[in-house]
Amino acid sequence: MELSGDDIFTQFLKDEGVEYIFGYPGGAVLHIYDALFRQDAVKHILVRHEQGATHAADGYARSTGKPGVVLVTSGPGATNAVTGIATAYLDSIPLVVITGQVTSAFIGSDAFQEVDSVGITRPCVKHNFLVKDVKDLAITLKKAFYVATTGRPGPVVVDIPKDITDPHIKIPYEYPESLELRSYKPVVEVQAPQIETAVDALLSAKRPMIYSGGGSVLSNASNELRTFTRQLGYPITQTLMGLGAYPDPDPLNVGMLGMHGTYEANMAMHDCDVLFAVGARFDDRVTGDLEQFCPNAKVIHIDIDPASISKNVHVDIPIIGDVKQVLVELSNAIIASKREPDAKALKNWWKQIKEWSSKDCLRYDRNSALIKPQFVVEKLYEVTGGDAFITSDVGQHQMFAAQFYKFDEPRRWINSGGLGTMGFGLPAAIGTQLGNPDATVACVTGEASIQMCIQELATAFQYSTPIKVINLNNRYMGMVRQWQEFFYESRYSQSYVEALPDFVKLAEAYGHVGIRIEKPEDVEGALKEAFAMKDRLVFMDFITDQKENVYPMIAAGKGHHEMHERELA
Amino acid sequence: MQHIISLLMENESGALSRVAGLFSARGYNIESLTVAPTEDETLSRMTIVTSGSNEIIEQINKQLDKLIDVVKLIDITANGDHIERELMLIKVQADSSEKREEVKRQADIFKGRILDVTDTTYIIELTGEGSKLDGFIKAMDKKDILETVRSGATGITRGETCLKL
């Protein structure tokens with residue numbers, strides 16, 4: 001088959017099985033857009049800002065497990081996409097981002113809409129490419145998909161100068177079915193001796209703790225993690241990125257850990273003698289003060305990325321490999337060992353954990369005359385029956401959603417954990433809804449975050465994605481305000497938003513339904529009404545308690561045992 | 001401690017900046033870096049001299065290995081017995097007969113070669129470990145040194161251990 005570069009591009013996407021491409025046209029990608037016009041295998045989703053394209057593709061990727069694909073033009077198209085690329089990079093999400101580039105002959109001449117996209121994105125991609133010859137186009141795209149989706153996933157940028165997609169230059173095209181890169185070998189054999197050592201440490205534990213992260217979700221290891229954890233009967237805590245891989249509620253699940261984790265999870269981390277870290281990366285929001293992190297624990301760490309091992313915390317027993325495969329091998333090895341966990345020690349350990357749990361660290365004032373954000377999330381959980389995809393932005397509402405919505409399946413909780421990108425939630429919800437057309441999708445957000453990508457309400461209207469936006473509107477950048485209250489003697493420098501739009505009217509202006517809820521007694525009814533509108537985007541503006549804080553909290557640089565707790569009258 | 005890390009990389013444009021970018025982004029020390037093509041034109045070989053605690057060196061090795069363009073890597077220092085060489089060209093003032101004699105004598109001691117002679121200057125070529133080149137610089141009168149250029153270290157493991165595909 002003889003094809004020109006622009007048709008090679010669309011034909012390749014079709015052959016690769018790409019369903020959606022999220023993008024925004026511009027000069028350098030016009031040949032490609034013309035080729036997209038000529039076909040209907042790949043559906044293009046027109047966003048309103050390139051950041052929205054990357055987040056939407058990211059939400060699609062997180063919720064489906066398939067790579068998200070983005071197409072933007074050169075210069076500002078590429079720079080606008082950078083925040084979304086970095087967001088995906090920090091959370092190891094597979095994206096293939098195609099950026100148009102000025103014609104090869106103009107590269108380096110400061111041409112119109114020229115920017116060194118490969119240079120700008122280099123620090124926040126798994127890898128990137130500049131296509132220099134149309135003959136390399138198909139294989140480069142194949143490499144991009146391969147690198148993005150294998151090993152530790154991540155975003156890959158392919159920069160394509162305009163002349164590469166010239167419709168007048170035709171070359172033979174064949175879909176590259178497979179490829180091998182001599183410099184990239186993502187598949188690793190699990191070392192048997194490491195499995196044995198780990199099993200021995202696990203079964204010798206008196207106060208074991210399983211700490212599972214986003215890797216368990218990315219590796220689709222949810223079933224294996226459940227089997228393994230229940231086989232041992234050990235307590236499990238999950239990171240913000242890992243929620244749902246192990247179900248909540250569940251007797252062995254002690255909740256999220258870290259800065260806003262539960263008292264029982266953090267105390268159990270601090271006191272454990274064997275820490276079993278699975279697909280987690282010892283992020284500073286999880287560990288707190290590294291000097292005081294799990295001071296008595298022998299650390300076992302499973303990770304597909306060798307560079308994650310002993311990066312922040314010294315690991316005693318590293319196991320490099322795919323989480324899913326390693327968990328199966330560990331489960332089998334435990335059975336083969338014919339050994340049992342130390343039942344007596346475990347009983348005492350659970351007794352201690354139950355004592356910590358009895359503190360009820362997530363308690364809040366349920367008699368408040370103001371709407372408490374936690375209450376809204378609890379009701380959201382009830383009204384959706386726990387069966388929804390929840391995306392979020394960044395800040396207090398993100399923590400409330402993580403603490404109060406109980407995720408019992410992986411890939412249901414979609415948030416920017418690593419980069420902490422405000423503006424992520426709405427476009428991510430659009431991508432999630434497109435990838436899961438029959439599912440219920442809600443975006444838990446705040447009035448500050450939502451405004452960072454609010455223009456995507458138009459995209460949601462265009463593609464009829466019936467997302468439910470839960471805007472926890474406290475008129476403050478809540479998490480900034482909370483830190484200012486705690487650490488800057490309540491000097492609320494620039495965290496109060498003086499002028500806010502009328503979100504109900506704004507939603508209506510975009511063609512959606514808007515509802516404002518101002519009293520706690522109206523919360524449940526409004527949610528039911530909104531979720532009954534199956535084919536509409538409903539923007540719910542909850543006017544919440546302005547001064548509510550997220551508890552418990554470990555201040556930055558403190559240990560797991562040094563938590564602030566809520567004091568209730 | 002100082003480590004010499006050698007890598008074989010795909011001979012692609014931008015490969016060097018991936019390595020340089022990694023060092024600056026993660027705050028690692030880079031003391032010298034050399035890169036040149038190999039007998040296999042698809043590969044280039046890079047030698048990096050860096051320093052840090054064992055933990056940091058381990059991270060540097062892992063992060064370098066993680067770069068998609070890096071095909072193979074060896075920490076020459078950690079690997080044991082190795083040969084390290086650096087080339088220096090040094091231009092010194094030699095405008096009196098005493099100075100000319102002294103510089104010549106020092107160059108002989110350090111097994112240097114005089115490459116260029118003018119009425120007032122000598123250019124000397126020296127190869128050796130970095131410390132030997134440092135030693136020669138110290139042996140010269142500081143005010144007589146007009147210019148120095150050093151290649152940065154390269155290295156190779158002794159015996160049968162090789163960095164090759």
Side-chain angles (χ1 to χ4, degrees), chain A residues 86 89-90 92 104 107-108 116-133 136 140 143-144 146-148 150-159 179-186 188 281-282 290 301 303-315 318 320, chain B residues 3 5-30 33 35 37-46 48 50 52-75 78 162-165:
Chain A
Y89 182 64
L90 265 277
S92 306
S104 302
I107 289 180
D116 174 11
S117 301
V118 167
I120 283 181
T121 58
R122 190 178 297 118
C124 59
V125 293
K126 185 170 172 188
H127 196 57
N128 56 18
F129 299 93
L130 171 66
V131 182
K132 290 181 173 167
D133 189 322
D136 300 333
T140 305
K143 284 180 189 171
Y146 176 62
V147 170
T150 50
R152 180 178 180 173
V156 175
V157 165
V158 183
D159 200 25
L179 98 154
E180 211 176 305
L181 291 173
R182 62 178 174 182
S183 63
Y184 174 67
K185 302 280 176 228
V188 282
R281 62 182 180 88
F282 298 85
L290 286 171
H301 186 191
D303 208 293
I304 199 160
D305 177 9
S308 277
I309 305 285
S310 293
K311 185 175 71 176
N312 300 334
V313 167
H314 174 75
V315 173
I320 311 286
Chain B
H3 277 243
I5 301 169
S6 281
L7 354 153
L8 289 175
M9 309 186 68
E10 296 291 355
N11 194 4
E12 305 257 356
S13 64
L16 172 62
S17 53
R18 288 182 207 280
V19 172
L22 171 68
F23 275 75
S24 62
R26 295 195 181 265
Y28 303 142
N29 294 321
I30 191 158
L33 187 157
V35 58
T38 64
E39 69 281 9
D40 175 348
E41 63 187 22
T42 65
L43 289 172
S44 43
R45 179 163 173 148
M46 184 181 285
I48 300 165
T50 182
S53 63
N54 289 342
E55 290 75 23
I56 288 176
I57 296 291
E58 188 185 328
Q59 266 299 308
I60 291 174
N61 276 289
K62 285 173 171 174
Q63 293 289 351
L64 284 169
D65 205 20
K66 199 169 143 179
L67 292 175
I68 307 287
D69 282 340
V70 172
V71 185
K72 214 171 171 188
L73 154 160
I74 188 170
D75 183 333
C162 292
L163 176 64
K164 65 170 192 179
L165 296 196

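Every chain is numbered from 1, with letters handed out A, B, ... down the list of sequences. Keep in mind that what you see is a predicted model, and the values were worked out from it rather than measured.
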Derivation of the side chain to side chain contact (heavy atoms under 4.5 Å, CB included) call for A:H314 and B:E55: CA-CA 9 Å; A:H314 174 75; B:E55 290 75 23; over 6 Å; no
Evaluation steps, side chain to side chain contact (heavy atoms under 4.5 Å, CB included), between A:R122 and B:S17: CA-CA 9 Å; A:R122 190 178 297 118; B:S17 53; 3.0 Å; yes
Candidate pair A:H127 and B:D69, rule side chain to side chain contact (heavy atoms under 4.5 Å, CB included), full reasoning: CA-CA 9 Å; A:H127 196 57; B:D69 282 340; 3.6 Å; yes
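With a 4.5 Å cut-off on non-hydrogen atoms, A:N128 touches chain B through its backbone and its side chain both. Contact of A:K185 with chain B is not made at all, since no heavy-atom distance falls under 4.5 Å. Neither the backbone nor the side chain of A:L130 comes within less than 4.5 Å of any heavy atom of chain B. Proximity to chain A is absent for every atom of B:L8, based on heavy atoms less than 4.5 angstrom apart. Residue B:Q59 touches chain A through its side chain alone, counting heavy-atom pairs closer than 4.5 Å.
At a threshold of 4.5 Å between non-hydrogen side-chain atoms, the residues B:K62 and A:I309 count as touching. Between B:K66 and A:R152, the closest side-chain pair of non-hydrogen atoms falls below 4.5 Å.
A donor-acceptor pair under 3.5 Å is formed between the side chain of A:S183 and the backbone N or O of B:I68.
Between chain A and the options B:L22, B:L43, B:I56, B:N61, heavy-atom pairs under 4.5 Å are most frequent for B:L43.
The existence of a salt bridge linking B:E10 and A:R182 is confirmed by a sub-4.0 Å separation between a basic side-chain nitrogen and an acidic carboxylate oxygen.
Scanning all heavy atoms of the two residues, the minimum distance from A:S310 to B:E58 falls at CB-OE2, 4.4 Å. Considering all non-hydrogen atoms of both residues, B:Q63 and A:A307 come closest at NE2-CB, 3.7 Å.
Using modelled atom types and a 3.5 Å distance limit, the side chains of B:S13 and A:K132 yield a donor-acceptor pair.
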